[in-house]
Number of protein chains: 2
Amino acid sequence: MSKTNPAFMSGVPELLVLRLLTRDEMYGYELVKAIRNTTLESITLAEGVVYPVLHNLEAKGMLRSREVEANGRSRVYYKTTAKGKRRLKELLKEWDRVSGGINAALGDTYA
Amino acid sequence: MSKTNPAFMSGVPELLVLRLLTRDEMYGYELVKAIRNTTLESITLAEGVVYPVLHNLEAKGMLRSREVEANGRSRVYYKTTAKGKRRLKELLKEWDRVSGGINAALGDTYA
DNA sequence: TATATTACCTCGTAGTTATAGGTATAGGCT
DNA sequence: AGCCTATACCTATAACTACGAGGTAATATA
């Protein structure tokens, strides 16, 4: 119902950003589209969500950035650091635990 | 990291409560244990989480309650209403969409 | 000339989960 | 009697964070 606190989205931006930036170095605008693509259009994170996450993760040492000039525009490329990869591993474990638990509860028709 | 807003938990209390109370009528204390059990100990929601959700959902007409005396203690049994079932259906759809999207993004190793 | 796309960004809000606390009865153990 | 555990209900506060709306500026397209 609410737009600001949608169901099942907590932790998702952080997870997806870390995951995709572990695979490839990308800049924010590119990342926004990559999220839409890799989630098969199921999840769209607007720029207003992605950029703050990028800044926050970089501040925490999870991401490293470098500026690159392209077409007269400047792009900021990000990549996951070793620390970020550890955090990703942690989040993946959490995701398995929570989604596993939910699916178990949804699955058993008998109590 | 954070204790108050842990990853992947948004919407989960509401989903599990509606799901379990659609299956069986239950009282709060019982529900807390049922959540732990049906999620295979993967998810534990404390009473401080469950009771407010029950009150909130009842206020919204998603649950109906009745008080029952048992062993000198009073129990408040809850059950999902028709409106609650519609909300549950909605949440299940959301869960499929979001978890499907995440798993797709995690799954493909190549972009 | 106007619009769409690329590319970056910030601010404010909303809403909900979690923790920590609180009350009270019943039953078991020493 | 005294203590602890389990049962059973409850509230208030804080912290977090995803979202929407907005803003800048360059390039490409119509």
Side-chain angles (χ1 to χ4, degrees), chain A residues 1-18 26-36 39 43-60 62-63 65-78 91 94 98 101-102, chain B residues 1-18 25-36 39 43-60 62-63 65-78 87 91 94 98 101-102:
Chain A
M1 223 118 224
S2 68
K3 272 91 199 282
T4 51
N5 283 42
F8 315 125
M9 287 304 290
S10 66
V12 171
E14 189 186 354
L15 173 68
L16 293 179
V17 166
L18 283 174
M26 276 191 256
Y27 56 97
Y29 195 79
E30 188 185 7
L31 186 55
V32 168
K33 295 182 171 179
I35 288 169
R36 202 163 33 218
T39 62
I43 298 173
T44 297
L45 298 182
E47 294 169 49
V49 172
V50 172
Y51 284 111
V53 170
L54 287 172
H55 302 157
N56 182 260
L57 287 176
E58 185 178 23
K60 286 181 184 158
M62 311 275 188
L63 299 178
S65 75
R66 66 190 179 96
E67 220 173 321
V68 175
E69 298 299 322
N71 298 18
R73 289 190 197 82
S74 98
R75 292 171 175 169
V76 186
Y77 281 84
Y78 293 88
L91 281 173
E94 272 298 284
V98 173
I102 291 173
Chain B
M1 222 118 225
S2 69
K3 273 90 200 280
T4 52
N5 283 42
F8 315 125
M9 286 305 289
S10 65
V12 172
E14 189 186 355
L15 173 68
L16 293 179
V17 166
L18 284 174
E25 191 183 42
M26 275 191 257
Y27 55 98
Y29 195 78
E30 188 185 7
L31 186 55
V32 167
K33 295 182 170 180
I35 288 170
R36 201 162 35 216
T39 63
I43 297 173
T44 298
L45 299 182
E47 294 170 47
V49 172
V50 172
Y51 285 112
V53 170
L54 287 172
H55 302 156
N56 181 260
L57 287 175
E58 186 177 24
K60 286 179 184 159
M62 311 275 188
L63 299 178
S65 76
R66 66 190 180 95
E67 219 173 322
V68 175
E69 297 299 321
N71 297 19
R73 288 190 198 83
S74 98
R75 291 172 176 168
V76 186
Y77 281 83
Y78 293 88
R87 173 65 177 150
L91 281 173
E94 273 297 284
V98 173
I102 291 173

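Proteins come first, then strands; the chains are lettered A, B, ... in the order of their sequence lines, and each starts at number 1.
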*asked:* Heavy-atom nearest nucleotide on DNA chain C for A:P52 versus B:M9: which residue maps closer to 5'?
replied: A:P52

*Look at all strands and tell whether A:V12 reaches a base, only sugar-phosphate, or nothing, counting heavy atoms closer than 4.0 Å.*
nothing

*Nearest to the side chain of A:R73 - C:dT17, D:dC19, C:dT5?*
C:dT5

*Spacing of A:F8 atom CZ relative to D:dT17 atom P, expressed in whole Å*: 18 Å

*Would you say the side chain of A:Y78 lies within less than 4.5 Å of the side chain of A:M62, judging by non-hydrogen atoms?*
no

*asked:* So if I take every side-chain heavy atom of A:P6 and compare against D:dT7, D:dC19, D:dC10, which nucleotide ends up nearest?
replied: D:dC19

*To the nearest Å, how far apart are B:R66 CZ and D:dA8 P?*
15 Å

_By nearest atom, which of the nucleotides C:dT19, D:dC10, C:dA7 is closest to the A:Y29 side chain?_
C:dA7

*Using a 4.0 Å heavy-atom cut-off across all strands, classify B:G28 as base, sugar-phosphate, or nothing.*
sugar-phosphate

*B:V76 versus B:E67, closest heavy-atom pair with distance*: CG2-CG, 4.1 Å

*Can a salt bridge be assigned to the pair B:E14 and B:R87 using a cut-off of 4.0 Å between side-chain N and carboxylate O?*
yes

*For A:L31 and C:dT6, give me the distance from atom CG to atom P, rounded to whole Å.*
15 Å

*Return the 5'-most residue of the pair A:K33, B:N71 with respect to DNA chain C, ranking by each residue's nearest nucleotide.*
A:K33

_Given D:dC10, C:dT17, D:dA18, identify the nucleotide with an atom nearest to the side chain of B:Y51._
D:dC10

*Indicate, with a heavy-atom threshold strictly under 4.0 Å, whether B:N56 touches base, sugar-phosphate, or nothing.*
nothing

*asked:* Tell me whether B:E30 is salt-bridged to B:R75, with the criterion being a basic N under 4.0 Å from an acidic carboxylate O.
replied: no

*Could you state the atom-to-atom distance from CG of B:L45 to P of D:dC10 in whole Å?*
16 Å

*Over how many whole Å does the gap from A:L57 atom CG to D:dA18 atom P extend?*
10 Å

*What's the CE-P distance between A:M26 and C:dA7, to the nearest Å?*
13 Å

*With respect to the phosphate group of D:dA8, does any side-chain polar atom (N or O) of B:Y27 fall under 4.0 Å of OP1 or OP2?*
yes

*Determine the contact category for A:E30: base if any of its heavy atoms lies under 4.0 Å from a base atom, sugar-phosphate if only primed atoms, P, OP1 or OP2 are that close, otherwise nothing.*
nothing

*Looking only at side-chain atoms of B:V53, point me to the closest of C:dT17, C:dT6, C:dA18.*
C:dT17

*Is there a side-chain contact between B:Y27 and B:V68, using heavy atoms and a 4.5 Å cut-off?*
no

*Scan A:R75 against the nucleic acid and name what it touches under 4.0 Å (heavy atoms): base, sugar-phosphate only, or nothing.*
sugar-phosphate

*Between A:H55 and C:dC8, is there a side-chain N or O to OP1/OP2 distance below 4.0 Å?*
no

*Rounded to the nearest 0.5 Å, how far apart are CE of A:M9 and CG of A:L45?*
5.0 Å

*asked:* Distance check needed: D:dT7 P versus B:E69 CD, whole Å only.
replied: 18 Å

*From the list C:dT19, C:dC8, D:dA26, which nucleotide is the closest neighbour of the side chain of A:E47?*
C:dC8

*asked:* What is the distance, to the nearest angstrom, from the CG atom on B:L15 to the C1' atom on C:dT17?
replied: 15 Å

_Classify A:E14 by what it touches in the nucleic acid, base, sugar-phosphate, or nothing, heavy-atom distance under 4.0 Å._
nothing

